[in-house]
There are 2 protein chains.
Amino acid sequence: MRVTIADVAGAAGVSKTAVSFAFNNPEKLGQATLERVLQVAHELGYTPHPAARALSLRRSGTIGVLIPQRLSTVFANQFLSELFQGLGELVEEHDLTLLLVPPLAGSLEGAIRQASVDGFISLGLSPDDEALATLARIGIPTVLIDSEGSAEHPAVNVDDAGGAEAAARHLLDLGHRQLAMILLPPTRAQAGPTPTSARRLAGYKAALAGFDAPIPYQVTAGATMPAGARAFESFPKGRRRPTAILAMSDMAAIGVLGAAEAAGMSVPDDLSVVCRARP
Amino acid sequence: MRVTIADVAGAAGVSKTAVSFAFNNPEKLGQATLERVLQVAHELGYTPHPAARALSLRRSGTIGVLIPQRLSTVFANQFLSELFQGLGELVEEHDLTLLLVPPLAGSLEGAIRQASVDGFISLGLSPDDEALATLARIGIPTVLIDSEGSAEHPAVNVDDAGGAEAAARHLLDLGHRQLAMILLPPTRAQAGPTPTSARRLAGYKAALAGFDAPIPYQVTAGATMPAGARAFESFPKGRRRPTAILAMSDMAAIGVLGAAEAAGMSVPDDLSVVCRARP
DNA sequence: TTGTAGGCGTTATCAA
DNA sequence: TTGATAACGCCTACAA
């Protein structure tokens, strides 16, 4: 049986209040009482029950991270990995803990119910996901990352357009005029370019608007090395051969590097390649 | 204000028990009542308070993972990453969630107190860590990974000796007789070989015992590529040149690969290299 | 089938 | 400074 505050109070010959104070408001207790209570508590191995504490304080001290993917895929993802590093440092500063909340038996909503958290951080949840509505109804503060914000849920997002524009301008500033863009493929869910792809493309175009360069060659490639290599093969040859590549996917860019090397080209001497760390 | 079970009961015109049953023992309710309660609960956005539930059920539905390192370092570690993949799948099967518990303000003990968990999995905690004693006193079931087990705490560990023996035997079976071993360096904390290094070395020796091979060349190298390259440089030349390497560190092994290639050797034609995925 | 009441372990209010 | 006592929100015998 777990040692409760009453056990400690009994053993130390004081009231439950005194024991509680010993842990939470030590200054409200006499020196002698305080020491005795703490001593007894330690001997008995007493620790406040977190759930009882959370219930009473109406605060659990943990932040939940809503993960729409399976937990197993999270750790392989470079972007998420870095995100967690930052989150980890941040919550630590505030004496909080992180609760990773992947879908429970396929459903995020079920998982949300289980989780005793003070707030959620949601990763890339679709804006129309049921879970977000649930969260709003229950009234748990939630911040979105990588998805469209809404009235009840503020969002933090990567500046796709700005980043893309900076990347493109960098190449143009270097003097490159024959560019090639490797775009992200549409996802299965929806036809047409993904919002991310569209925003980055807009950024590229914004940069180009300030320069007198021919329209860049465009090709779509999945986020894999072979896809990147195929994209490289598809580039125009001769005069219109691109001298710089804007790749939206890291993996595709790596594929380009390999293909370029195989073709006897040197990066960055013969070819410049820019990409993003985001998948 | 959070919607409670009483609010739902009031709105639906039933008792709190009925509402509770609707969620936990639906079969104990009449069809009509059940539907009405569920309907009202949904409209009001009611969800059982996890802390209250945990307190009452004496079970929180989450497993804590005790991480002696800072959370930020965890995601960079290949071994831990794979471990989490497995853990993630496992807890999911049982409708549990994983709570990552890094040191809170530098102290694991403080973090343990915050965490409302049914049990802990501890990663590489030193057997004499205060936190383990605390855990035992409080009485939270705990399993150790990567550390010595004890009476109160069972442990799950990598079979260092067995794995090393298998690796060495594999090379010997391939016909190699001139082996080199790249051992792990002692940690700063203690002089002499680490327990891991010692167990693997014992495994290597056990394999060698069954073969008529000269005593392998031994060199110690840190878990870095340059250290591996230096180890390669230190190998004997000529007749006693090793034809196969047993490396205890992946990174060192990669260093060996690079150095071998630079030296014009082909792997595995001129040299065999075996290593382990564990850091 | 439904309702009443007590307990889970803390914290916090209010007297003493 | 200390000690009862009432929340906190839920679950669950037990009784009706």
Side-chain angles (χ1 to χ4, degrees), chain A residues 1-38 40-41 44-62 112-118 137-140, chain B residues 1-38 40-41 44-62 112-118 137-140:
Chain A
M1 211 48 203
R2 182 168 181 130
V3 180
T4 79
I5 201 171
D7 298 329
V8 178
V14 298
S15 75
K16 294 196 299 175
T17 311
V19 180
S20 180
F21 277 172
F23 283 87
N24 305 303
N25 304 73
E27 74 282 1
K28 294 196 169 182
L29 242 43
Q31 182 66 22
T33 325
L34 175 59
E35 281 178 12
R36 185 155 41 90
V37 170
L38 253 27
V40 171
L44 265 44
Y46 167 75
T47 271
H49 192 302
R53 207 181 147 83
L55 185 60
S56 194
L57 287 176
R58 279 188 285 296
R59 145 189 166 83
S60 66
T62 100
I112 289 175
R113 296 203 166 75
Q114 287 247 356
S116 179
V117 302
D118 298 330
R137 268 209 317 276
I138 304 180
I140 302 182
Chain B
M1 210 50 202
R2 181 164 184 133
V3 179
T4 77
I5 200 171
D7 299 329
V8 178
V14 297
S15 74
K16 295 194 295 176
T17 311
V19 180
S20 179
F21 279 172
F23 285 86
N24 305 302
N25 304 73
E27 75 281 1
K28 293 196 171 182
L29 243 44
Q31 182 66 20
T33 324
L34 175 59
E35 281 178 12
R36 185 155 41 90
V37 170
L38 254 26
V40 171
L44 266 44
Y46 167 74
T47 272
H49 192 302
R53 209 182 145 81
L55 186 59
S56 193
L57 289 177
R58 281 189 284 296
R59 146 188 167 82
S60 66
T62 100
I112 289 175
R113 294 202 169 77
Q114 287 247 356
S116 179
V117 302
D118 299 329
R137 267 209 317 276
I138 303 179
I140 302 182

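Here is how names work: the chains are called A, B, and so on, in the same order as the sequence lines, proteins then strands, and each is numbered from 1.
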Terminal axis angle for the helix from C/dT1-D/dA16 to C/dA16-D/dT1, five pairs an end, nearest 10 degrees:
40°
Can you tell me the distance, in whole Å, between the [atom1] atom of [X] and the [atom2] atom of [N]?
X: B/Lys28; N: D/dC11; atom1: NZ; atom2: C1'; result: 11 Å
X: A/Asn25; N: D/dT1; atom1: CG; atom2: C1'; result: 13 Å
X: B/His49; N: D/dA7; atom1: NE2; atom2: P; result: 17 Å
X: A/Gln114; N: D/dG9; atom1: CD; atom2: P; result: 20 Å
X: B/Asp7; N: D/dC8; atom1: CG; atom2: C1'; result: 13 Å
X: B/Lys16; N: C/dG6; atom1: NZ; atom2: C1'; result: 10 Å
X: B/Phe23; N: D/dT12; atom1: CZ; atom2: C1'; result: 17 Å

Tell me, which of residues 54-62 of chain B have any heavy atom that sits under 4.0 Å from an atom in DNA chain C?
B/Leu55, B/Ser56, B/Arg58
Roughly how far, to the nearest 0.5 Å, is the [atom2] atom of [Y] from the [atom1] atom of [X]?
X: B/His49; Y: A/Ile138; atom1: NE2; atom2: CD1; answer: 11.0 Å
X: B/Arg59; Y: B/Thr62; atom1: CZ; atom2: OG1; answer: 9.5 Å
X: B/Gln31; Y: B/Thr33; atom1: CD; atom2: OG1; answer: 9.0 Å

Does C/dT11 have its OP1 or OP2 closer than 4.0 Å to a side-chain nitrogen or oxygen of A/Arg53?
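Looking at the OP1 and OP2 atoms of C/dT11, one of them is under 4.0 Å from a side-chain N or O of A/Arg53.
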A/Ser15 side chain N/O closer than 4.0 Å to the phosphate oxygens (OP1, OP2) of D/dA4?
no
Atom pairs and distances, side-chain donor-acceptor, residues 1-18 of chain A, under 3.5 Å, sequence neighbours left out:
residue	atom	partner	partner atom	Å
A/Arg2	NH2	A/Thr47	O	3.1
A/Thr4	OG1	A/Ala6	N	3.1
A/Thr4	OG1	A/Asp7	N	3.4
A/Asp7	OD2	A/Thr4	N	2.9
A/Ser15	OG	A/Thr17	N	3.3
A/Ser15	OG	A/Ala18	N	3.3

Among residues two or more places apart or on two chains, list those pairs meeting side chain to side chain donor-acceptor pair (under 3.5 Å) that have a residue in residues 18-29 of chain A.
A/Ser20-A/Asn24, A/Asn24-A/Arg53
B/Leu55 versus A/Ala52, closest heavy-atom pair with distance
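Reported closest heavy-atom pair: CD1-CB, 3.7 Å.
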Categorize [X] for me: base, sugar-phosphate, or nothing, with a 4.0 angstrom heavy-atom threshold over every strand shown.
X: B/Ser20; value: base
X: B/Tyr46; value: sugar-phosphate
X: A/Ser116; value: nothing

Which residues pass the side-chain contact (heavy atoms from CB on, under 4.5 Å) test with A/Ser116, not counting sequence neighbours?
A/Ser60, B/Pro50, B/Ala51
The residue, B/Leu34 or A/Arg2, whose nearest nucleotide of DNA chain C is more 5′ is B/Leu34
Quick check for you: among [options], whose closest atom lies nearest to any side-chain atom of [X]?
X: A/Thr33; options: D/dC11, D/dG3, D/dT1; result: D/dT1
X: A/Leu29; options: D/dG9, D/dT2, C/dG9; result: D/dT2
X: B/Val14; options: D/dC10, C/dT10, C/dG3; result: C/dG3

Give me, pair by pair, the N or O atoms of the protein and of nucleotides 13-16 of chain C that are less than 3.5 Å apart, along with how far apart they are.
none

